[in-house]
Amino acid sequence: MRRLPIYFLIDISESMIGEPIQMVEEGLAMIIKALKEDPYALETVHISIVVFAGQARTLVPLQEIITFYPPRFPIGGGTSLGNGLGHLMYELRKNTIQTTAEQKGDWKPIVFLFTDGVPTDDTQVAIAEWKKNWASKSSMVAVSFGEEADLEVLQKLTENVFMFKNTSVNQYKSFFKWVTASIKSSSMSVETGGTGFELTKPDESVISKLDPREMPPKPRFDHNFTVFTGKCQHSQKPYLIKYRRTTQPTMVGGMEMNSLVYRLVGAYLVDSSYFDYCDETGGANKVGTDELQGAPTCPSCGNQYGLSICQCGKIHCCGNEEISTCPWCGNKGRYGFGEGRMDINSAQG
Amino acid sequence: MERQQRRLYITQLLKQRSVDITEKQSALLDAYIDSEEVIEQCRLISVTTENLIMNLQENIALNNIREKLLQLPNGTVDKPYAQVFSLSQYGLEKIASFTLQFPESLGITYDQQTGQISGTPLDQGEFRVKLIFKLTNQSDPEKTHEKEISFVVNPDPKKLWKNIPSPADGIFWKPDEVKDAAEMLGHKLAVASKRGRSHAHEGIYRDDDFEHYFDAQTGYAVIAVADGAGSAKYSRKGSQLACEGVVNFFKNIPADEYKQLDDVITAYHAHKDEASKNALNEFLTQRFSKAPFEVHQQLVNYTAELAANGDEVKLKDFSTTLLFVLLRRFEFGYSVMSFSVGDGGMGIYRRNEDVTLLGTPDGGEFAGQTRFLTMPEIFADTSFYKRIGFRIVQDFTAIVLMSDGITDPKFQTDANLTRIEKWDELWDDLCGKNNDGVTVNFSTENENTATELLNWMDFWSPGNHDDRTIAILY
Ligand SMILES: [Zn+2]
Ligand SMILES: [Zn+2]
């Protein structure tokens with residue numbers, strides 16, 4: 001049997017926390033479930049999931065669908081596409097069965113890259129290696145989740161760059177249906193003597209293909225989201241607090257002006273593996289506490305206030321306890337609330 | 001609380017509240033902490049604090065357990081399932097006792113004594129298994145907690161393939177499976193051709209075909225196998241015309257010409273000198289090789305006729321491979337002339353001895369690179385003569401012609417087609433050494449060899465669901 005290897009290279013940087021990563025998690029489970037019903041795919045398709053934030057890891061080693069079960073996705077800091085590609089190429093090198101006199105090798109691997117941001121590292125070396133060794137030996141589909149991904153970088157990797165409007169649950173459903181259908185038709189095409197890479201037509205209101213001959217629009221560097229990293233003082237667990245950046249009209253000296261505010265999206269627990277996926281560089285954005293609208297409770301212990309700032313500059317949860325212990329630096333202290341503005345560092349994005 | 005602890009607790013409490021204590025007050029405090037009232041209150045505080053801490057720890061432990069993603073290894077419907085379940089494999093600590101509860105009608109149970117999960121899943125899908133447990137040192141020793149574990153039961157891949165008959169009223173229809181038996185050269189021929197699962201799944205036609213012919217008068221036999229290209233819309237007709245065309249070509253050769261051929265072969269066998277070699281070569285290139293060319297021309301003409309009637313057809317629509325042999329039995333052995341274009345394989349097989357491959361399959365590293373009889377360039381190319389073969393053999397276990405629906409799963413690569421071990425494996429497989437317990441009995445008394453062969457062709461090979469055709473002279 002000749003395998004059709006499908007790799008998912010998935011951005012798990014902090015901005016993916018909440019709905020996006022949950023949707024990806026459910027989407028992957030949906031893909032697997034649908035492929036199990038398809039006799040062509042069930043027998044030829046093998047799947048692997050590689051994730052990257054600041055660091056990259058293999059979340060699911062290449063395996064047949066029958067043994068696969070949907071993983072839980074971690075979240076990390078940073079968007080190191082270079083590391084992600086490097087790790088993907090390591091997997092390709094390791095797994096790809098070459099055709100020899102005694103054995104028929106794999107069909108051309110297909111890679112689905114999902115990313116929502118701008119790389120935080122230098123991608124030049126990895127892209128050069130990709131072009132030299134893998135671009136012709138595999139088929140890559142790069143998908144920008146939302147409008148903030150660096151499309152120019154994606155276009156250097158492949159002709160198949162897609163923009164995915166990921167603002168509703170139905171759009172996610174439509175998107176993963178398209179991915180599933182494309183995998184199905186590719187697996188069928190290998191058996192009927194086709195090329196083994198056949199993308200089906202997507203719903204263009206949700207997924208649109210970029211013209212490879214045209215310059216892509218510049219990424220919008222003003223991130224829509226700002227994410228902070230906190231730690232629960234009881235369970236010591238890390239969590240992320242996500243704010244959406246938005247403007248609101250305010251009256252300044254009788255004049256209406258738009259001021260920047262951050263609205264709370266939610267606070268989400270992350271694994272302690274979170275730190276394994278972060279890269280060394282810290283977050284650059286400083287945000288004033290007075291710009292934040294809405295305060296989260298601690299997603300781990302339920303403490304009233306999930307955004308308390310220790311003198312060490314880090315965030316942890318606080319409740320009614322007399323003395324709080326900072327889970328980052330161990331400092332014990334008493335907290336008063338709502339006094340003045342403080343600057344806090346955002347995560348890497 | 002002991003006296004010492006009470007004193008420490010109260011002084012610290014006062015300190016925290018920034019209440020200063022003078023020396024005189026300190027003496028008062030000593031008396032105060034021994035009063036019934038304080039002793040009782042301190043006891044209450046101590047119990048409350050203990051409970052608080054315990055609850056908090058219980059909650060954190062519960063949360064840790066609930067957050068863990070637990071999954072049992074996947075099962076397959078109708079296939080026995082056995083797994084030992086242990087907490088340590090999931091890194092679950094702080095559980096004192098537990099049991100697993102499977103959905104009632106799933107057919108899977110958990111044995112608490114042995115830790116064994118066993119049974120045969122009756123249904124496919126994703127199921128929730130309940131882990132019911134108690135924590136170590138929990139405050140209420142009777143309370144049980146629940147957590148769901150996901151358990152996936154995969155479908156049986158074989159049952160996913162549908163078997164939809166091809167439309168009998170469709171153009172160029174032919175039966176989805178056929179078998180045939182014949183006697184020739186003092187041997188028996190069994191041949192079977194069956195639609196692949198991928199075609200059956202979509203209710204489309206069988207593209208493979210075969211034909212055979214034996215003339216007792218001349219002593220010559222022809223066996224042909226063809227595989228229509230999956231991508232060509234009328235390839236089922238192409239393969240049929242190719243096989244019929246070859247048989248007709250050899251039927252039309254006059255008997256006295258076959259006589260001359262007898263002499264050429266006999267002389268070649270006896271002398272193997274330049275003159276007899278040339279005579280044989282001349283027959284092969286001038287006469288024998290005209291068969292594929294004539295069949296090619298027939299396909300060209302047939303396409304032109306259809307096109308003249310207004311049908312939108314091209315020669316490419318009839319793309320097909322072609323393998324055939326022309327056989328004759330002599331006192332000194334068998335002469336085998338062969339021709340091949342495209343993939344598949346044919347060979348003269350002697351069990352545990354050797355195999356003589358007839359023609360090298362045209363295949364590329366990637367699918368879709370095979371050559372077809374409909375390509376005019378195969379006749380222009382000098383490599384055309386490499387497609388023709390001639391052998392004289394003393395004896396054989398079988399002469400076999402197969403389409404790639406058989407060679408792909410059974411040999412994987414062209415290189416393997418030359419290896420006797422692979423042929424022995426195939427022969428053993430045919431003779432019953434397989435997972436399905438299907439046997440083809442090649443005894444000459446057996447009347448059902450072709451039927452058995454057709455059954456054998458149902459063998460399961462993941463990812464290999466092309467049409468299958470095999471002709472065996474034994
Ligand atoms: Zn907390
Ligand atoms: Zn601190």
Side-chain angles (χ1 to χ4, degrees), chain A residues 1-4 25 29-30 32-33 35-46 63-73 98-108 187-196 232 234-237 269-271 299-302 319 321-323 334, chain B residues 16-17 56-57 59-61 63-64 67-69 71-76 124-126 150-162 196-199 201-202 229-232 363-370 408-409 411-416 418-419 422 460-466:
Chain A
M1 185 201 48
R2 303 181 67 176
R3 308 183 301 176
L4 174 62
E25 210 167 282
M30 187 189 103
I32 299 299
K33 206 171 158 214
L35 293 184
K36 275 185 183 168
E37 316 268 303
D38 183 273
Y40 292 98
L42 188 58
E43 289 179 25
T44 54
V45 171
H46 282 57
Q63 58 190 267
E64 47 178 354
I65 291 173
I66 214 95
T67 58
F68 185 99
Y69 36 71
R72 186 172 281 177
F73 281 78
Q98 305 290 347
T99 295
T100 64
E102 276 75 40
Q103 188 181 31
K104 275 190 182 165
D106 290 337
W107 299 102
K108 242 187 194 188
S187 75
M188 197 165 150
S189 119
V190 297
E191 201 162 327
T192 50
T195 58
C232 172
H234 287 122
S235 69
Q236 307 288 312
K237 289 211 160 113
L269 261 187
V270 286
D271 256 40
S300 178
C301 71
E321 69 278 327
E322 200 63 43
I323 304 287
R334 213 182 280 273
Chain B
Q16 240 182 54
R17 298 279 159 99
L56 198 64
Q57 278 172 343
N59 268 326
I60 289 175
N63 245 330
N64 278 340
E67 260 172 31
K68 277 243 159 75
L69 180 68
Q71 274 159 326
L72 295 170
N74 296 346
T76 303
Q124 66 184 67
E126 195 181 347
S150 122
F151 176 48
V152 173
V153 180
N154 289 317
D156 176 354
K158 296 182 197 185
K159 290 193 178 137
L160 292 176
W161 293 99
K162 290 182 237 158
R197 285 193 178 80
S198 49
H199 285 177
H201 190 65
E202 272 133 62
S231 54
E365 192 188 333
F366 300 104
Q369 290 184 355
T370 191
D408 276 356
F411 292 89
Q412 287 91 41
T413 64
D414 296 345
N416 286 341
T418 61
R419 293 171 55 198
K422 284 284 169 185
W460 188 260
S461 172
N464 289 306
H465 304 298
D466 207 354

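Owing to the predicted nature of the structure, the values given are computational and were not obtained by experimental measurement. Residue numbers start from 1 in every chain, and the chains themselves are labelled A, B, ... in the order their sequence lines are given, proteins ahead of strands.
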- What is the minimum heavy-atom distance between A/Thr100 and B/Thr413, and which atoms define it? O-CG2, 3.8 Å

- If you count heavy-atom pairs under 4.5 Å with chain A, which of B/Ser198, B/Gly230, B/Ser231 comes out on top? B/Ser198

- Using non-hydrogen atoms and a 4.5 Å limit, figure out which bit of B/Leu69 sits close to chain A: side chain, backbone, both or neither. both

- Under 4.5 Å to a heavy atom of chain B? For A/Ile323 that would be neither

- Query: How many angstroms lie between CG in B/Asn63 and SG in A/Cys232, if you round to the nearest 0.5 Å?
  - Reply: 9.5 Å

- Item | Winner by heavy-atom pair count (cut-off under 4.5 Å) against chain B, out of A/Arg3, A/Lys33, A/Gln103 | A/Gln103

- Query: Under a 4.5 Å heavy-atom cut-off, does chain A meet the side chain of B/Gln57, its backbone, both or neither?
  - Reply: neither

- May I ask you to name which of B/Asn154, B/Val152, B/Asp408 has the most heavy-atom pairs under 4.5 Å with chain A? B/Asn154

- Side chain, backbone, both or neither: which part of B/Glu67 has an atom under 4.5 Å from a heavy atom of chain A? both

- Task: Return yes if some donor-acceptor pair links the side-chain N/O of B/Gln71 with the main-chain N/O of A/Pro70 below 3.5 Å, else return no.
- Result: yes

- Answer whether the closest heavy-atom distance between the side chains of A/Met188 and B/His201 falls below 4.5 Å. no

- Measure the shortest side-chain to side-chain distance between B/Pro155 and A/Lys36 over non-hydrogen atoms and say whether it is less than 4.5 angstrom. yes

- Item | For B/His199, ring-ring contact (aromatic ring centres under 6.0 Å, His included) partners two or more places apart | none

- Task: Select one option (side chain, backbone, both, neither) describing which atoms of A/Phe68 are under 4.5 Å from chain B's heavy atoms.
- Result: backbone

- Test side chain to side chain contact (heavy atoms under 4.5 Å, CB included) on B/Lys68 and A/Arg72 and set out the steps. CA-CA 10 Å; B/Lys68 277 243 159 75; A/Arg72 186 172 281 177; over 6 Å; no

- Note on the structure: Of all heavy-atom pairs linking A/Glu102 and B/Arg419, the shortest is CG-NH1, 3.5 Å

- Report the distance from atom CG of A/Leu42 to atom NZ of B/Lys158, rounding to the nearest 0.5 Å. 12.5 Å

- May I ask you to check whether A/Lys104 and B/Asn416 show a side-chain donor-acceptor distance below 3.5 Å? no

- Query: Cut-off 3.5 Å, side chains only: do A/Glu43 and B/Trp161 have a donor facing an acceptor?
  - Reply: yes

- Message: Could you measure the distance from the SG atom of A/Cys301 to the CG atom of B/Asn59? Nearest 0.5 Å is fine.
- Response: 10.0 Å

- Take A/Tyr40 and B/His465 through the test side chain to side chain contact (heavy atoms under 4.5 Å, CB included) and record every step on the way to the result. CA-CA 9 Å; A/Tyr40 292 98; B/His465 304 298; 5.8 Å; no

- Task: First locate atom OG of A/Ser300, then atom CG of B/Asn64, and finally report the distance between them rounded to the nearest 0.5 Å.
- Result: 8.0 Å

- Query: Looking at B/Asn74 and A/Ile66, what are the two nearest heavy atoms and their distance?
  - Reply: ND2-O, 2.9 Å

- For B/Phe411, what residues pass the ring-ring contact (aromatic ring centres under 6.0 Å, His included) criterion, not counting sequence neighbours? B/Trp423

- If one checks every heavy atom of A/Thr44 against chain B at 4.5 Å, the contacting part turns out to be side chain

